[in-house]
Structures are given as structure tokens and as C-alpha cells.
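These notes concern the structure reproduced below.
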Amino acid sequence: MLEKEGLPSFITHPQKEDIILWSCLLVITILSFSLIPFRVWFLNNPEWYALIIGGYTSSTLIGAYSATGQSHGIFILLTIIGALKFIPVYFYIGKRWGKEFINYSLQYTPKTQKWMNLLLNQKTQKVKIYSSLITPLTYMPFIRISYTIITPIQAVVNMSLPLILLINTISVLIVNYTMYTIGYINGKEVLQIIEVINKYAGLITIGLIAFVFISIYIKRKRNNIISEQ
């Protein structure tokens with residue numbers, strides 16, 4: 001039945017390496033969901049936010065807290081760990097599953113899938129250059145392209161893991177120090193928002209926990225529908 005559905009081979013006939021990668025993805029998913037209820041706490045502890053999650057939000061917060069002497073720009077370096085922690089997993093996914101994983105991951109976003117396939121159809125050297133130029137965009141606000149797709153593409157064209165990590169490190173620092181500057185300039189306004197969030201922290205936490213369970217329920221129901229068809 002799975003073969004008739006046209007599912008990739010790493011789902012229909014998983015080998016030992018495939019099971020290991022699936023286990024890594026499961027751990028990543030569980031960790032991502034488990035951290036959601038702690039978002040309010042992270043807002044008040046931006047250094048831990050930077051270390052565990054990384055990203056532009058923690059950088060903006062560190063900038064805002066730095067403006068009042070409660071933090072320091074050096075902590076932006078922690079976002080390298082937070083942002084890059086799962087890249088090796090997606091690198092080996094790209095090495096192992098290649099284009100099948102990219103198309104499977106983007107099956108519900110046809111426009112993005114088309115763009116990524118156009119990128120992969122370029123000459124190898126062009127793919128390396130273009131994907132490197134795209135990498136900083138994956139760490140910017142409101143950008144739907146993620147390193148979870150760009151990294152496998154780079155693995156497909158045989159870019160080395162150290163080079164990919166270097167490109168991502170540079171990208172993270174460029175984007176996050178930019179966001180740090182924005183947070184520093186608008187420090188008072190940002191901290192006022194944090195005060196409002198703290199005021200309703202209990203309700204927000206309950207809402208985030210509810211979001212986790214609802215998301216799990218919807219995903220499980222969707223999988224049941226697919227298996228019944």
C-alpha cells in the first residue's frame with residue numbers, strides 16, 4: 001500500500017541508517033514541541049534562549065536587555081550553537097535520502113518545491129554558490145525557506161559539512177547582530193512588550209501547552225486519514 005502511494009524508499013523500505021535518521025527527526029520534533037511552553041521563560045532569559053534555540057528573537061532580546069545594561073552583545077555568539085545544533089542531522093539526511101527527502105518535505109508547498117528543484121537542476125558549482133547565498137535568508141524573519149531544506153541540497157551536491165557549518169555560522173552572525181542592533185536601538189519598546197507578556201504569562205503558557213496538544217492531535221488525525229485512504 002505504501003508503495004502504491006508513491007512514498008519514498010526511505011519510508012517504504014527503511015534500512016538501519018534510515019531508522020537512525022528517522023529517530024533523530026523524532027527527537028528533534030519532540031524537543032521542539034517540549035520547548036514551546038517555556039517560550040515566556042526564554043523571553044526573560046535571552047542568553048538561554050540564544051543557547052538552546054538561537055535565532056533572531058533571542059538576538060533582538062539580548063539587544064534590548066543590553067541597552068539597559070542587563071546583557072551584552074557577546075552572548076550573540078551563543079546563537080551559533082542554538083541555530084546550528086541540528087545541521088549535521090540534515091546534512092546526513094541529504095547524503096542518505098537526497099532529492100527524495102526534499103520533494104517529500106515540500107510536497108504541500110508546490111511553489112517552494114518548484115524553486116528548490118530548479119536550484120538542484122543547475123550545474124553543481126552554481127548550486128553550491130546559490131545555496132550559499134540563500135543560507136542567510138533562512139535565518140531572517142518571515143522567510144519560509146529553512147536550512148532543513150538548504151542543508152540537504154548542499155549535501156546532495158557534495159558540499160562538506162565543515163564548509164556548510166562555516167557558511168551557516170557567518171549567516172547566523174550577520175543576521176543576529178543586525179537584529180541585536182535593532183533590539184538595542186528600540187530597547188525600551190521591546191522591554192515594554194516583555195512586561196505585557198509577563199503580565200499574562202500564565203495564560204500564554206496555558207495557551208502554548210494547549211497548542212502543543214492540539215498540534216499533536218491534528219497531526220495524528222491527519223496520519224490516520226492518510227492510512228485509511
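Throughout, numbering of the chain's residues begins at 1 and tracks the sequence. Both backbone and side-chain heavy atoms feed into the values below; hydrogens, waters and symmetry mates do not.
- Expressed to the nearest 0.5 Å, how far CD of Glu17 lies from CZ of Phe10 amounts to 14.0 Å.
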Item to check | side chain to side chain contact (heavy atoms under 4.5 Å, CB included) between Tyr180 and Thr60, worked out | outcome: CA-CA 5 Å; Tyr180 167 84; Thr60 307; over 6 Å; no
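- Within the 4.5 Å cutoff, the side chain of Met140 has no heavy atoms near those of the Thr178 side chain.
- With contacts defined as side-chain heavy-atom distances shorter than 4.5 Å, the pair Asn117/Leu106 does not qualify.
- Transitive grouping of hydrophobic side chains (ILVMFWY, heavy atoms separated by less than 4.5 Å) brings Trp22 and Ile149 into a common cluster.
- Val190 and Ile185 are members of different hydrophobic clusters when ILVMFWY side chains are connected at heavy-atom separations under 4.5 Å.
- Closest approach of Val156 to Gly98, counting heavy atoms only: CG2-CA, 3.7 Å.
- In terms of modelled atom types and a separation under 3.5 Å, the side chain of Gln122 and the main chain of Leu119 share no donor-acceptor contact.
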Next on the checklist: side chain to side chain contact (heavy atoms under 4.5 Å, CB included) for Leu77 and Leu173? Distances and angles first, verdict last.
Outcome noted: CA-CA 7 Å; Leu77 296 176; Leu173 291 178; 3.9 Å; yes
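- Taking CD1 of Ile93 as the reference point, atom CZ of Phe86 lies at 11.0 Å (rounded to 0.5 Å).
- Listed for the Gln113 side chain is a donor-acceptor partner under 3.5 Å among the backbone atoms of Asn103.
- Closest of all the heavy-atom pairs between Pro14 and Ile19 is CB-CG1, 4.2 Å.
- With contacts defined as side-chain heavy-atom distances shorter than 4.5 Å, the pair Pro141/Met179 qualifies.
- Nearest heavy atoms, Ile62 versus Pro46: CG1-CB, 3.7 Å.
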Checklist entry - Can you check side chain to side chain contact (heavy atoms under 4.5 Å, CB included) on Ile174 and Ile170, steps first, answer last? => result CA-CA 6 Å; Ile174 290 172; Ile170 294 170; 3.8 Å; yes
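- Although no hydrogens or angles enter the test, the distance criterion places no donor-acceptor pair under 3.5 Å between the side chain of Trp115 and the main chain of Pro110.
- Across all non-hydrogen atoms, the minimal contact from Ala83 to Val172 is CB-CG2, 3.8 Å.
- Distance alone, capped at 3.5 Å, is enough to place a donor-acceptor pair between the Thr68 side chain and the Tyr65 backbone.
- Under the 4.5 Å side-chain heavy-atom criterion for Ile, Leu, Val, Met, Phe, Trp and Tyr, Leu35 and Trp41 are members of the same hydrophobic cluster.
- Classified by interplanar angle (parallel below 30°, tilted 30° to 60°, perpendicular above 60°), the ring pair Tyr147/Tyr90 is perpendicular.
- Side-chain atoms of Thr138 never come within 3.5 Å of backbone atoms of Ile134 as a donor-acceptor pair (strictly under, hydrogens ignored).
- Between atom CG of residue Asp18 and atom CH2 of residue Trp97 there is a gap of 6.0 Å, rounded to the nearest 0.5 Å.
- Counting heavy atoms from C-beta on, the side chains of Leu21 and Leu25 never come closer than 4.5 Å.
- One N or O on the side chain of Tyr177 and one on the backbone of Gly73 form a donor-acceptor pair closer than 3.5 Å.
- Between Thr79 and Ser58, the closest heavy-atom pair is CG2-OG, 3.7 Å.
- Both Tyr139 and Ile81 sit in one connected hydrophobic cluster of ILVMFWY residues. Membership requires side-chain heavy atoms under 4.5 Å apart, directly or through other members.
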Next on the checklist: Please determine whether side chain to side chain contact (heavy atoms under 4.5 Å, CB included) holds for the pair Ile28 and Leu31, giving the CA-CA distance in whole Å, both sets of side-chain angles, and the decisive distance to 0.1 Å.
Outcome noted: CA-CA 5 Å; Ile28 291 172; Leu31 181 61; 5.8 Å; no
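- Atom CG of Leu163 sits about 7.5 Å away from atom CD of Gln154, to the nearest 0.5 Å.
- Looking at Thr151, its side chain never comes within 3.5 Å of a backbone N or O of Thr148 through a donor-acceptor pair.
- Distance check, rounded to the nearest 0.5 Å: CD1 of Ile129 to NZ of Lys123 gives 11.5 Å.
- The side-chain heavy atoms of Ser160 and Ile164, taken from C-beta on, include no pair separated by under 4.5 Å.
- With rounding to the nearest 0.5 Å, the separation of CD1 in Ile150 from OG in Ser171 is 10.5 Å.
- Using a distance-only test at 3.5 Å, with no hydrogens or angles considered, a donor-acceptor pair links the side chain of Ser66 to the main chain of His72.
- Between the side chain of Lys85 and the backbone N or O of Ile52 there is at least one donor-acceptor pair closer than 3.5 Å.
- Atom OH of Tyr92 has 12 or fewer neighbouring heavy atoms from other residues, nucleotides or ligands inside a 6.0 Å radius.
- Side chain to side chain, Asn158 and Lys95 meet the donor-acceptor criterion of an N or O pair below 3.5 Å.
- Of all non-hydrogen atoms in Asn186 and Ile182, the two that sit nearest each other are ND2-O, 2.8 Å.
- Residues Leu78 and Ile74 share a hydrophobic cluster, clusters being chains of Ile/Leu/Val/Met/Phe/Trp/Tyr side chains in contact below 4.5 Å.
- For the residue pair Tyr49 and Asn44, no side-chain donor N or O sits within less than 3.5 Å of a side-chain acceptor on the partner.
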